[in-house]
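Every chain is numbered from 1 and lettered A, B, ... according to where its sequence line falls, protein lines coming before strand lines. Everything numeric here is computed off the predicted structure, so don't read it as measured data.
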Amino acid sequence: MKKQTASVIEVRDVHKVYGSQQTTSYEALKGINFQVMAGEFVGVMGASGSGKTTLLNLLATLDRPTSGVIKINDQDLSQIADRQLSEFRGQQLGFIFQDFSLLENLTAAENIALPLDLQGVNKQQSRAQVEKISRRLSIEKFIDQYPAQLSGGQKQRVAAARALVNEPRLILADEPTGALDSDNARDLMELLTQINQEDHVSVLMVTHDPFSASYCERILMIKDGQIGQTIERDGQPRHDFYQSILSDLGTYR
Amino acid sequence: MLLKLGLTGIRRRLADYLILFSGLIISSAIFYLFMSIATNEHFLKQNISISLVTQVFYFGVVLLTVIAIVYVWYAQSFLLQMRLQDYGMLLTFGARRSKIDQLIMIETFVIQFGSTIIGIIVGAVLTQFASGALAKMIDFKLTGLNVGSVTSVVTTLVIFFILALFCAITSIISIHRKPLTQIIHAQQQANQRMVTTNKLFAGVIVGIVLLAVGFIAMDRIEQLRLMAIVIALVTICFGSYLLIGSLFTLIIRLLRKTSFSSKNLRKFTMGQLEFRIGSYTRILTMVTILFSLALGAITVGTGYYQQIPVVSERASAYTMNLTNPSTKAQKLIKELNVQKKVVYHQISAGKYVYYNQAELKQQPFQMVRTIKDTTSVSAPTYRNIPNEKLIQSGTEQAMFKELQDPSVRNKEIIILTPAKFKAQTGKRAALTLIRVKDLHASLPVLKKLAKYQTAAQQSGMETSNGYNMYLVANSMFGGLEFMGLFLGIAFLTMLASCLMFKVLSGTRADQRRYHVLNNIGASQRQLDWALVTEIGTLFIIPAVLGVSYVALGLRMFTKLMLSPYHTFGMASLMFVGCYAVYYVVTVVIYRQLVLKDTKRG
């Protein structure tokens, strides 16, 4: 029962300029337009300096665009006051980072519960939610260990659990496989696909890696602050899609 | 080239370096201030009437040197944390390790030596003004104060030179030990030492036993003498170390399991604290000990301050006695906040001095009522002396005679009825006795009025009234009071800055943590609160322990002063107030350093 009609992300003519008019300014994003529908798995690829990170920061509400409109779950981000942004982040978005961004002084379980604590969810409910997501991601065994005691793959699973624990409709992933070996990368991508398909959570993933990108349904290629090309999977088997990304990357450069 | 690299490093992080710089200036200034007094034996001997005074100050210097070492050490790790990544970059570019060593040497010396020199100047100014102001505040005349003493300048320079050298060398060694990758990605590694709960319990028990031994030893100071202090210092240091390390971890561990922890960022704060306590136990122990020493010194200092007027008021029922005060003197008396003023007219003729019965009946002569409780510092109460006591020889009569002008003191007192008094011939005079409400507050006027006293009184040969007693007591206790306040304030400044630097040297690791929290949706308020409680806990532990130690340790002084506890509350409040200022400053700087990337939302 996928709701294909509603858009989770809507980006219209977004520009981002760094620096002021007087000094040398740099336009990182030059009019970006795209939509992500509910339940979609979208990848964003591009070379370093293409504007990927800037775009992700804007979507993550960590920064504001110079002009243009960004809507997440139909809410215009420019209408949300700075003070409420953190709450918005906590409730509507889930984040997965390349460096896992786990807090090493909290156990895995405490790390996962953190977004719930921040929103004042009571202990019983919080514990229930942590248990549920841990079972779902098969991490119950090491839930009481500290990040330093976990492997890279386990850490990223814990990070994924933290991103999912408050049941967001959108996951923003920033090079999630960047610090993982190929086996763990495969595991994580399969996990994200599974969550995307079974729970209808939309995923927007920024990546360098064609292999990770091949799990997406659609890939936006960013170059010099603009979306240059969109590659659709169109029901291709993943391996074929991987090949076509590789050949597209070759021609795109 | 190297010098330029080192100095640009300083320019680029000016704000961070300013913190470091000002911190080091404070430490060297206080050190100098202390040295300039401790090395001035002449000054100490002249002003403080205790033979042990130089030893006490030397003991203080040793303690202060220890603190300075720790302090400079933390300041250096604060510096190193700022520069480590730059060094890593230089090494990646192919700089030789020896170049980096030179760079560290140059930076450390520029910063430490520069701040020491400024510190000495600040210290000299402080010595002049702070000691002057302090002496004035406690109405104590300091003699022989030497602001720019060569000995203390040289000692301060030498000690801080050695410290800088020591710091530079240890920094170089620590950088040499690290592999390049660790220097580049200089991230604090969370090395959690898992101590079992049983061990923690054992730690708490041993800690409490050690503390008990220490305080019992202090209580037996009369039998144990100097050994009491030695035993107490050792056992209380180790006891505090164990108690802080284990009790605190234990409490956090228990709290983490309760539902109290699952709100806002409490779990995060507790995690931070549990991880930190390992590296904080030593500094917190040191701060606790210093805190109690400083608070103790201030309590005793202010105790004497309180005690001086009490002693003076007990000495005589009247603050001042004047025979035939001039109009000018009368005017000054009007300025005083007088509790009681009596005028007895007298006629002296031959071997006798006559008083009016009516006057003595209407406003009887009074004496301080003796109290049994020797520790009481309450205001004295007075009893009326019946007239017949004045004509019999005895203490009462002696007291009264003392207040008269010397010219009539040897004459026999005779009390006449009003009619007879009126008819009596002879030299007429008026004896004016005044008692002020607040001796401290009345001092400026009393000083002026003192000029109208008799020659013997002015030369300090007589202490028949409260004011003269005050002068004597103040010259006796004033030095002690000065010493207590001075030691207390010097230690407070040092220890609080020490703790501040220790906290600030952990900012780098925290920057990332707070950044992550911000990303996953913690609001600015939640982040602020986490920061305030985390640092607050680190500051509160030594304060609570320190105050309780002083509460117990003051028992030792019950033999030396009226009531050491009398000023304890006030001194603690004052002390904690100053300490709180440091806490606020630390939070503000810390927040600036840690949350600078997370201004949004």
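In this structure, the portion of A/R162 lying under 4.5 Å from any heavy atom of chain B is its side chain and not its backbone. For a residue to count as touching a neighbouring chain, one of its non-hydrogen atoms must lie under 4.5 Å from one of that chain's; by this rule A/F97 touches chain B with the side chain only. Heavy atoms closer than 4.5 Å to chain A are found in both the backbone and the side chain of B/Q272. Residue contact with chain B, scored on non-hydrogen atoms closer than 4.5 Å, involves the side chain of A/A113 exclusively. Within the 4.5 angstrom heavy-atom criterion, no atom of A/L93 approaches chain B.
Listed here is the closest heavy atom pair of B/G271 and A/L106: CA-CD2, 4.1 Å.
For the atom pair OG1 (A/T61) and CG (B/N519), the distance works out to 8.5 Å, reported to the nearest 0.5 Å. Rounding to the nearest 0.5 Å places OG of A/S86 at 11.5 Å from CG of B/L517. For the atom pair A/L103 CG and B/L265 CG, the distance stands at 9.0 Å (nearest 0.5 Å).
Between the A/R89 side chain and the B/N518 main chain, a donor and an acceptor come within less than 3.5 Å of each other. Although no hydrogens or angles enter the test, the distance criterion places a donor-acceptor pair under 3.5 Å between the side chain of B/Q526 and the main chain of A/L118.
Residue A/R127 places its CZ atom among 12 or fewer non-hydrogen atoms of other residues, nucleotides or ligands, all under 6.0 Å distant.
Side-chain atoms of B/R513 and A/N105, non-hydrogen and from C-beta on, do get closer than 4.5 Å to each other.
The existence of a salt bridge linking B/K267 and A/D117 is confirmed by a sub-4.0 Å separation between a basic side-chain nitrogen and an acidic carboxylate oxygen.
With sequence neighbours left out, B/K199 forms a salt bridge (Lys or Arg N to Asp or Glu O under 4.0 Å) with no residue at all.
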